[in-house]
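Okay, structure first, notes after.
Chain identifiers are assigned alphabetically (A, B, ...) following the order of the sequence lines, protein sequences preceding nucleic acid strands; residue numbering begins at 1 within each chain.
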There are 2 protein chains.
Amino acid sequence: MDIQLKRGLLDVCVLASIKSKDSYGYKIIKDLKPYISLSESTLYTILKRLETANMLTVKTAEHNGRLRKYYHITEIGLKRIEDFKDEWKEIMSIYQFVTKEDEQSE
Amino acid sequence: MDIQLKRGLLDVCVLASIKSKDSYGYKIIKDLKPYISLSESTLYTILKRLETANMLTVKTAEHNGRLRKYYHITEIGLKRIEDFKDEWKEIMSIYQFVTKEDEQSE
DNA sequence: CGTAATACATCGTATCACGAAGTATGCGTA
DNA sequence: TACGCATACTTCGTGATACGATGTATTACG
């Protein structure tokens, strides 16, 4: 997918991937892969950004003797997803503008 | 609309605005306003980019004693719009992923 | 004559996705 | 043991790009 199109979609995707259950970096990438692929450097940048924006919290926990960072969505993060649904209406109208056939010009 | 979300949408919007009829800078901004707003500096940057990518051609013409630059879409530009329709399928699947309610987690 | 609308252009800045590279651990296998 | 591989997270530099600010110039209107 076009890199420009991914912007604005990525943040919400990451939030959606931890919405129902806390998750961690490596798993998020795998879960998102069928929909949108992102590199590790991209993901950790996003996670840090979302943390700064208080959309998620981080908790380090041990798993199999190794440390993992688990990410938990906040109310603000949930609201971000809701806001996206509103933005979607605008995107739909743009889509219709772009794809409409101009009958009068034929 | 979120600035990140606009990226990737803007180019195609501009192309769509000149698809059926040649247009010029100021008019493009006005035509797009109901769907997506962009500043002049942004538009001229985009127009130059699309010209470099051979997605449109420019022709300077006189209008009311003043020079105007008219933009005309090319085959490559039209193809860009078609490609966008394909990308749309991916975007739709992302939308469904983001908005799906997780029944199993309730 | 002054103001607004029209029309195009340039510059600097902030945001951001990504590749490359690095660090470290656990596990299977030869 | 030694090696490769998957897991897991981090840092750095770069290129793309939307935008505000600013500038130039003309036409239209009162």
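Rounded to an integer number of Å, the gap from CZ of B:R49 to P of D:dG15 is 17 Å. A straight line from CZ of B:R7 to C1' of C:dT15 spans 7 Å, rounded to a whole angstrom. Between the P atom of C:dA9 and the CG atom of B:L67 lies a distance of 11 Å, rounded to the nearest Å. Between A:K69 atom NZ and C:dA24 atom P there is a gap of 16 Å when expressed in whole angstrom units.
Nucleic acid contact for B:R66: base, since at least one base atom lies under 4.0 Å from a heavy atom of the residue. Within 4.0 Å of B:K48, counting heavy atoms only, lie sugar-phosphate atoms of the nucleic acid but no base atom.
You'll find that the side chain of A:Y26 is closest to D:dA8, out of C:dA17, C:dC8, D:dA8. Among the nucleotides D:dA18, D:dT10, C:dA7, the one closest to the side chain of B:I3 is D:dA18. Minimum atom distance to the side chain of B:H63 is reached by C:dA7, of the listed C:dA7, D:dC9, D:dT11.
B:R49 and B:D11 are joined by a salt bridge, as a carboxylate oxygen and a charged side-chain nitrogen come within less than 4.0 angstrom of each other. With respect to the salt-bridge test (charged N to carboxylate O, under 4.0 angstrom), the residues A:R80 and A:E87 qualify.
In this view, A:K59 satisfies the salt bridge (Lys or Arg N to Asp or Glu O under 4.0 Å) rule with no residue, not counting sequence neighbours.
Residues of residues 29-44 of chain A having a heavy atom closer than 4.0 Å to DNA chain C, listed by number: A:L38, A:S39, A:S41, A:T42.
Judged purely by distance below 3.5 Å, without hydrogens or angles, the side chains of A:T42 and A:S39 pair a donor atom with an acceptor atom.
Contact check, B:K6 against D:dC19: a side-chain N or O comes under 4.0 Å of OP1 or OP2.
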